[in-house]
Amino acid sequence: MESVEEVAAMENRYNPHEIEPKWQGFWEREGTFRTSDDYTKPKFYALIEFPYPSGEGLHVGHPRPYTALDIVARKRRMEGYNVLYPIGWDAFGLPTENFAIKHKVHPREVTERNIARFKQQLKSLGFSFDWSREVDTTDPNYFKWTQWIFLKLFEHGLAYKHEMPINWCPSCKIGLANEEVVNGGCERCGAEVETRIKNQWMLRITAYADRLIDDLELVDFIDRVKVQQRNWIGRSEGAEIDFDVVDTDHKLRVFTTRPDTLFGATYMVISPEHPMIDELKDRIENLSDVMEYREKAKKKSEFERAALAKDKTGVELKGLKAINPATGQEIPIWISDYVLMTYGTGAIMAVPGHDERDWEFAKKFGLPIVEVVAGGDVEKEAYTDTESGILVNSGFLDGLEVADAKKKVTNWLEEQGLGRSKVNYKLRDWVFSRQRYWGEPIPLIHCEKCGWVPVPEEQLPVLLPDVENYEPTDTGESPLANIREWVETTCPKCGGPGERETDTMPQWAGSSWYFLRYTDPHNDEALARKENLDYWLPVDWYNGGMEHTTLHLLYSRFWHKFLYDIGVVSHPEPYKKRTSHGMILGENNEKMSKSRGNVVNPDDIVNQYGADTLRLYEMFIGDFEKAVPWSEDGVRGCRRFLDRFWKLQEIAVPGDEYSKELETKFHRTIKKISEDYENLKFNTAIAAMMALVNDINDVGQITHGELKTLLILLNPVAPHITEEMWVRMGFPGYVHAHTWPKWDPEKTVEDTVAIAVQVNGKVRGEITVSLTDTVEKARELAMANDNIVRFTEGKTIVKEIYVPGKIYNIVVK
RNA sequence: GCCGGGGUGGCGGAAUCGGCAGACGCUACGGACUUAAAAUCCGUUGGGCGCAAGCCCGUGCGGGUUCAAGUCCCGCCCCCGGCACCA
């Protein structure tokens with residue numbers, strides 16, 4: 001049995017299991033973090049990527065970005081902003097559907113269960129989300145507006161159905177967007193992707209390619225994000241040039257970024273899939289060889305074609321020749337799989353002197369190599385420098401620099417009607433169809449007479465029918481296709497029989513606009529009120545994973561620009577600032593995964609150490625932007641800090657001022673933490689606080705004024721312990737309602753400071769000087785030090801460098 | 001191959017308008033408390049030499065600039081991420 005004293009002592013001990021649920025309940029009851037409708041206040045919109053509520057629940061990677069922006073959101077509230085920090089669920093998607101199929105439960109049920117689990121886990125971590133604004137992409141009241149946006153895209157000609165080869169994952173039985181194919185495999189399951197021809201809904205994102213690049217200038221995204229987006233869109237500027245095919249009325253159109261090298265084009269290469277082969281097959285003398293090559297190329301996946309790129313292969317189209325429009329010479333035409341039908345025109349002019357691929361090909365097949373830009377040795381390798389080269393062997397271009405030659409030849413081509421300047425993109429249109437059940441139905445009806453007809457707005461949302469069996473089919477048809485009573489409907493236009501589109505939308509649909517819905521989540525007349533959108537947008541700070549840079553981030557910027565064009569939103573970019581967190585790895589330095597058995601569940605950390613410890617550790621663990629391994633020892637260290645922090649109550653003394661010995665340190669720490677929280681440097685902010693607490697313990701007491709400041713500074717990271725200590729100390733009101741502390745720049749510098757004294761650049765001692773002290777004073781102090789005398793006596797001082805507050809270096813000879 | 005980021009103690013990481021490298025935390029070791037252990041507290045913890053004062057070496061490698069280089073310049077090596085026959 002514990003004694004009365006021991007029980008009493010225990011009640012004063014830091015007990016997160018008692019205070020954390022207490023404060024979470026308090027915040028919820030009081031609506032502490034409800035976003036206000038007071039639109040006269042300055043606003044701050046903090047956004048994290050809403051999670052996919054998987055069956056596995058949260059792992060410790062999730063809270064890293066959530067805590068980071070929670071810190072910023074809490075700080076902003078204390079600075080007087082009206083803050084929107086919302087949360088929701090990106091809940092459509094394959095894992096849920098697959099689980100539902102396997103366990104014969106409706107995906108709706110699985111989703112609800114998973115959301116409930118996630119919600120309970122997130123709530124236990126004390127985030128200051130405004131839970132009243134929760135959105136769920138699978139909620140018909142939400143996806144009604146996803147469908148509405150799709151119809152607007154359709155209306156504006158940005159959604160179209162197209163027969164095209166798609167990336168098919170044979171394991172998931174689903175078509176994939178280019179962005180979802182990683183190294184030739186399915187992003188989700190890793191199975192090798194096949195090519196299938198399917199009639200697919202496509203979104204014309206390429207129409208926005210230029211703006212998606214150019215408007216990156218308007219936003220504050222970390223550089224690696226901007227670079228990756230530019231890279232992915234892959235804009236390249238050049239020219240299209242038409243080459244006559246001899247003795248036919250065919251022209252072979254090519255795209256090139258080096259029109260200046262036109263005089264060096266000694267042959268042409270077309271893709272094996274190029275339509276000209278069929279159109280002119282009667283003229284091709286070696287048609288069987290050509291067809292054989294074409295068959296071989298077809299069997300290779302796009303991945304194989306790229307991976308086995310080293311060795312060039314190809315077949316000449318015998319019987320066909322093209323004319324180089326600049327030289328007037330006849331040149332051969334080849335087919336080779338290094339030319340892709342999916343980029344440019346599917347045909348190139350080959351300039352072996354100045355393109356590495358063409359050079360390799362020419363060497364292999366003994367084709368002529370002509371130098372048209374001086375500076376290299378085209379017999380040894382292709383010369384590709386465009387900075388310093390001067391044109392040669394190029395008629396009217398001779399003597400020009402590359403950049404000037406490009407302009408001149410493009411003008412000439414335009415005058416002659418042989419070509420024109422042209423911009424190409426690597427970005428392709430977005431394959432928007434998925435042949436699965438658990439997604440938003442595409443709200444279109446096909447009518448024999450009227451074609452594709454949109455479902456009238458007032459009939460939205462188009463709901464998913466209840467089905468017995470939503471297994472995918474091997475034929476690539478959506479499971480919805482089997483439900484005839486759902487498919488068969490009437491055409492809204494002519495009233496005749498019509499059939500519903502059975503493809504559903506990809507997971508990226510709902511997440512492309514969710515941040516708009518948060519501004520007005522319960523509106524059933526519009527996706528959100530204009531007034532709300534205008535006040536809250538753009539998002540001030542959006543943090544998310546690098547893995548979403550070429551998918552979600554690009555897609556949502558595209559949708560937003562479209563919504564801007566049709567007047568729904570008033571700003572061309574959705575996100576003002578974008579940052580990215582690093583992954584949290586397992587203790588063994590490997591990616592956390594169930595199969596590796598190194599997953600850490602936040603529930604266990606909360607149960608053992610408390611939510612504040614978890615939050616503190618997640619922020620202290622290392623550089624926020626880098627991957628870092630988890631360490632349970634590190635977690636314990638953070639808990640120890642909170643225990644020590646709690647005990648500051650025992651040494652608190654009255655007084656609202658900062659004490660003499662700690663005043664400078666407090667001002668410095670306020671400054672450091674205020675700045676570090678804004679710059680993703682949570683780890684050094686926390687280190688500074690730990691250092692200050694160490695200093696306080698050295699002093700042996702803390703004034704109430706000091707403790708208040710400290711509680712406010714730590715509150716965004718560890719909200720529960722700081723709320724509890726505030727009320728226990730009997731401070732007025734609540735810590736979360738207090739204003740953020742200010743620092744006085746003049747008080748951040750110590751009156752006197754210890755600086756190193758160097759002799760010939762090596763530290764030989766230390767002196768304590770005030771900032772106003774002169775070099776004479778420094779010399780006097782330094783010479784009182786035996787060690788410095790030892791290194792200088794008997795030598796002449798040649799030079800003295802004295803930087804006040806930094807260093808005193810004596811150069812002797 | 002191209003683009004971006006990075007190499008600092010036993011570990012995570014601090015410090016870049018050039019100014020005492022290793023803040024803060026962890027680990028390890030030693031000590032106090034305890035019958036004992038845990039917890040907590042105190043001390044040590046880059047390597048080497050020295051009884052000590054102190055000295056020498058040290059930020060991926062090789063050069064250089066400077067009174068002074070983790071930080072700047074030149075030439076390399078390695079790791080991580082993205083793109084990859086994009087004409």
Side-chain angles (χ1 to χ4, degrees), chain A residues 182-183 222-232 234-236 238 254-258 261 265 269 271 302-303 305-312 336-340 342-351 354-358 360-361 424-428 546-547 549-550 582-583 589 616-617 620-623 625-638 640-641 643-644 647 681 683-694 697 754-766 786-787 790-791 798-803 805-812:
Chain A
V182 177
N183 283 332
I222 47 172
D223 217 44
R224 55 196 168 128
V225 169
K226 286 193 183 185
V227 166
Q228 262 186 49
Q229 291 219 344
R230 282 199 196 99
N231 205 341
W232 184 261
R235 175 161 67 189
S236 60
V254 302
F255 172 74
T256 177
T257 55
R258 296 293 306 276
T261 62
V269 185
S271 160
E302 195 143 326
F303 174 62
R305 260 168 84 156
L308 310 169
K310 323 271 175 279
D311 208 19
K312 294 276 179 294
S336 172
D337 62 8
Y338 85 90
V339 174
L340 308 172
T342 45
Y343 185 77
T345 62
I348 61 155
M349 63 178 212
V351 184
H354 306 283
D355 181 283
E356 279 167 36
R357 295 151 300 176
D358 298 344
E360 264 179 62
F361 193 82
N424 252 314
Y425 306 91
K426 283 201 271 188
L427 182 72
R428 314 284 167 76
M546 279 310 286
E547 69 275 21
T549 303
T550 54
M583 225 189 320
N589 232 310
L616 184 71
Y617 178 63
F620 186 63
I621 188 168
D623 183 338
E625 301 197 77
K626 289 199 196 116
V628 63
W630 186 260
S631 153
E632 180 116 12
D633 286 331
V635 176
R636 264 195 292 275
C638 285
R640 271 198 284 268
F641 171 71
D643 283 326
R644 265 180 281 135
K647 286 192 187 138
K681 301 185 85 177
N683 53 338
T684 50
I686 291 164
M689 245 175 308
M690 289 172 166
L692 183 56
V693 168
N694 291 345
N697 281 322
I755 65 169
V757 179
Q758 299 180 330
V759 178
N760 287 347
K762 297 211 172 201
V763 179
R764 299 300 178 192
E766 196 178 86
D786 291 345
N787 204 41
R790 220 178 95 209
F791 280 94
V798 250
K799 197 171 174 183
E800 283 167 290
I801 296 101
Y802 176 63
V803 185
K806 294 275 190 194
I807 200 99
Y808 175 41
N809 188 6
I810 308 165
V811 184
V812 296

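A note on names: the letters A, B, ... follow the listed sequences, proteins ahead of strands, and every chain is numbered from 1.
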[X] [atom1] - [N] [atom2] separation (whole Å):
{"X": "Arg224(A)", "N": "C3(B)", "atom1": "CZ", "atom2": "P", "result": "19 Å"}
{"X": "Asp786(A)", "N": "G54(B)", "atom1": "CG", "atom2": "C1'", "result": "12 Å"}
{"X": "Met546(A)", "N": "C83(B)", "atom1": "CE", "atom2": "C1'", "result": "12 Å"}
{"X": "Ile810(A)", "N": "A68(B)", "atom1": "CD1", "atom2": "C1'", "result": "14 Å"}
{"X": "Phe641(A)", "N": "U40(B)", "atom1": "CZ", "atom2": "C1'", "result": "17 Å"}
{"X": "Lys762(A)", "N": "C56(B)", "atom1": "NZ", "atom2": "P", "result": "5 Å"}
{"X": "Glu800(A)", "N": "A68(B)", "atom1": "CD", "atom2": "C1'", "result": "15 Å"}
{"X": "Asp223(A)", "N": "G82(B)", "atom1": "CG", "atom2": "P", "result": "17 Å"}

> Should we say atom CD of Glu356(A) is surrounded by more than 12 heavy atoms from elsewhere, each under 6.0 Å from it?
Replying inline: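 It does not: Glu356(A) CD has 12 such atoms or fewer within range.
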Nearest-neighbour nucleotide for the [X] side chain, [options] considered:
{"X": "Val628(A)", "options": "C56(B), C83(B), G13(B)", "value": "G13(B)"}
{"X": "Asp337(A)", "options": "C85(B), G13(B), A87(B)", "value": "C85(B)"}
{"X": "Asn231(A)", "options": "A87(B), C55(B), C83(B)", "value": "C83(B)"}
{"X": "Tyr343(A)", "options": "A14(B), A87(B), C85(B)", "value": "A87(B)"}

When the [atom1] atoms of [N] and [M] are considered, how many whole Å apart are they?
{"N": "U44(B)", "M": "C26(B)", "atom1": "P", "answer": "15 Å"}
{"N": "C77(B)", "M": "C24(B)", "atom1": "P", "answer": "39 Å"}
{"N": "G48(B)", "M": "C42(B)", "atom1": "P", "answer": "28 Å"}
{"N": "G70(B)", "M": "A23(B)", "atom1": "C1'", "answer": "15 Å"}
{"N": "G10(B)", "M": "C29(B)", "atom1": "C1'", "answer": "13 Å"}
{"N": "G50(B)", "M": "U71(B)", "atom1": "P", "answer": "32 Å"}
{"N": "A53(B)", "M": "A15(B)", "atom1": "P", "answer": "31 Å"}
{"N": "G46(B)", "M": "A39(B)", "atom1": "P", "answer": "24 Å"}

Quick one: look up who [N] pairs with, Watson-Crick or G-U, both distances under 3.5 Å, and put none if it's unpaired.
{"N": "G62(B)", "result": "C74(B)"}
{"N": "G4(B)", "result": "C80(B)"}
{"N": "G12(B)", "result": "C24(B)"}
{"N": "G19(B)", "result": "C67(B)"}

Look at all strands and tell whether [X] reaches a base, only sugar-phosphate, or nothing, counting heavy atoms closer than 4.0 Å.
{"X": "Tyr808(A)", "answer": "nothing"}
{"X": "Asn787(A)", "answer": "sugar-phosphate"}
{"X": "Lys681(A)", "answer": "sugar-phosphate"}
{"X": "Arg764(A)", "answer": "sugar-phosphate"}

>> Determine whether Phe791(A) and Val757(A) satisfy the following criterion, side chain to side chain contact (heavy atoms under 4.5 Å, CB included), listing intermediate values before the conclusion.
In response: CA-CA 11 Å; Phe791(A) 280 94; Val757(A) 179; over 6 Å; no
>> Has Asn809(A) got a side-chain atom pairing as donor or acceptor with Gly761(A)'s backbone, closer than 3.5 angstrom?
In response: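 A pair under 3.5 Å: yes.
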>> For Thr549(A), is there any backbone N or O sitting under 3.5 Å from a side-chain donor or acceptor partner on Gln229(A)?
In response: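 Yes.
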>> Assuming nearest nucleotide by heavy-atom distance, tell me which of Thr345(A) and Asn589(A) is located more 5' along RNA chain B.
In response: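 Looking at the nearest nucleotide for each, Asn589(A) comes out on the 5' side.
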>> Over 60° means perpendicular and under 30° means parallel, so tell me whether Phe255(A) and Tyr343(A) are parallel, tilted or perpendicular.
In response: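 The arrangement is perpendicular - the two ring planes meet at more than 60°.
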Atom [atom1] in [X], atom [atom2] in [Y]: separation rounded to 0.5 Å?
{"X": "Met546(A)", "Y": "Met583(A)", "atom1": "CE", "atom2": "CE", "answer": "11.5 Å"}
{"X": "Ile621(A)", "Y": "Ser631(A)", "atom1": "CD1", "atom2": "OG", "answer": "7.5 Å"}
{"X": "Glu360(A)", "Y": "Asp355(A)", "atom1": "CD", "atom2": "CG", "answer": "9.5 Å"}

>> Just N and O in the side chain of Lys426(A): are any of them under 4.0 Å from OP1 or OP2 of C2(B)?
In response: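 False: Lys426(A) side-chain N/O out of range (4.0 Å or more) of C2(B) OP1/OP2.
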> Hey, mind stepping through Lys762(A) and Asn760(A) against side chain to side chain contact (heavy atoms under 4.5 Å, CB included) and telling me if it holds?
Replying inline: CA-CA 6 Å; Lys762(A) 297 211 172 201; Asn760(A) 287 347; 5.7 Å; no
>> Could you check whether the side chain of Lys626(A) and the base of C80(B) have a donor-acceptor pair of N or O atoms closer than 3.5 Å, going by distance alone?
In response: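 Donor-acceptor pair under 3.5 Å: no.
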> Where does G64(B) fall, syn or anti, if syn means a chi angle no more than 90° from 0?
Replying inline: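 Glycosidic conformation of G64(B): anti.
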> Taking protein heavy atoms under 4.0 Å as touching, what does nucleotides 17-31 of chain B look like 5' to 3' if B marks base contact, S marks sugar-phosphate-only contact and - marks none?
Replying inline: --BB--BBSSS----
>> Would Asp358(A) and Ile348(A) count as a side chain to side chain contact (heavy atoms under 4.5 Å, CB included) here? Give the steps.
In response: CA-CA 10 Å; Asp358(A) 298 344; Ile348(A) 61 155; 3.5 Å; yes
